[in-house]
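What follows is a set of notes on a single structure, which appears directly below.
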Amino acid sequence: SFPTRRSSDLYMTVWVLKEDIAAGDKITRSDLEKEEKWIPKTCDIRQMADIKRIAGRKTKTALKKGTIMQADLLYDK
């Protein structure tokens, strides 16, 4: 069964952090895990980064465990 949600949400697979990451740290594949989550339709799903666009990039700010990875949280390579 699906978790409860608002009618305006989308259920999708996203990449989340397994642990806290400091600002400026480089993200590696081992820092990430896939999760199924309800995402508000108001979010730009194009910002939901895939693993190929995340690994090797540095964070703009400190990020907490469980943060859904989005392109705008990372510096360009």
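Computed over heavy atoms, backbone and side chain alike; hydrogens, waters and symmetry mates excluded.
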Self-check item: With sequence neighbours excluded, residues passing side chain to side chain contact (heavy atoms under 4.5 Å, CB included) with Thr67
Solution: Leu17, Leu63, Lys64, Leu73
Exercise. Supply the atom-to-atom distance Ile54 CD1 to Thr28 OG1, rounded to the nearest 0.5 angstrom.
Key: 11.0 Å
Exercise. Could you list the residues that satisfy side chain to side chain contact (heavy atoms under 4.5 Å, CB included) with Lys58, not counting sequence neighbours?
Key: Lys26, Tyr75
Quiz item: side-chain hydrogen bond (donor to acceptor under 3.5 Å, both in side chains) with Thr61: which residues, sequence neighbours excluded?
Solution: none
Exercise. Please answer whether the main-chain N or O of Trp38 pairs with a side-chain N or O of Asp9 as donor and acceptor at a distance below 3.5 Å.
Key: no
Quiz prompt | Partner set under side-chain hydrogen bond (donor to acceptor under 3.5 Å, both in side chains) for Glu33, not counting sequence neighbours | solution = none
Self-check item: Residues in side chain to side chain contact (heavy atoms under 4.5 Å, CB included) contact with Asp72, at least two apart in sequence or another chain
Solution: Gln47, Gln70
Quiz item: Counting distance only, does the side-chain N/O of Thr13 pair as donor-acceptor with the main-chain N or O of Glu35 below 3.5 Å?
Solution: no
Self-check item: More than 12 heavy atoms from other groups under 6.0 Å of NZ on Lys65
Solution: no
Quiz prompt | Heavy-atom closest contact (Lys60 atom, Ala23 atom, distance) | solution = O-CB, 4.2 Å
Quiz item: When rounded to the nearest 0.5 angstrom, what distance separates CE in Met12 from NZ in Lys37?
Solution: 12.5 Å
Self-check item: Partner set under salt bridge (charged side-chain N to carboxylate O under 4.0 Å, His left out) for Glu19, not counting sequence neighbours
Solution: none
Quiz item: Side chains of Ile27 and Arg57: does their closest heavy-atom pair fall under 4.5 Å?
Solution: no
Quiz prompt | Arg53 to Ala71 - nearest heavy-atom pair and separation | solution = NH2-CB, 3.7 Å
Exercise. Please name the pair of heavy atoms, one in Trp15 and one in Leu32, separated by the smallest distance, quoted to 0.1 Å.
Key: CE3-CB, 3.7 Å
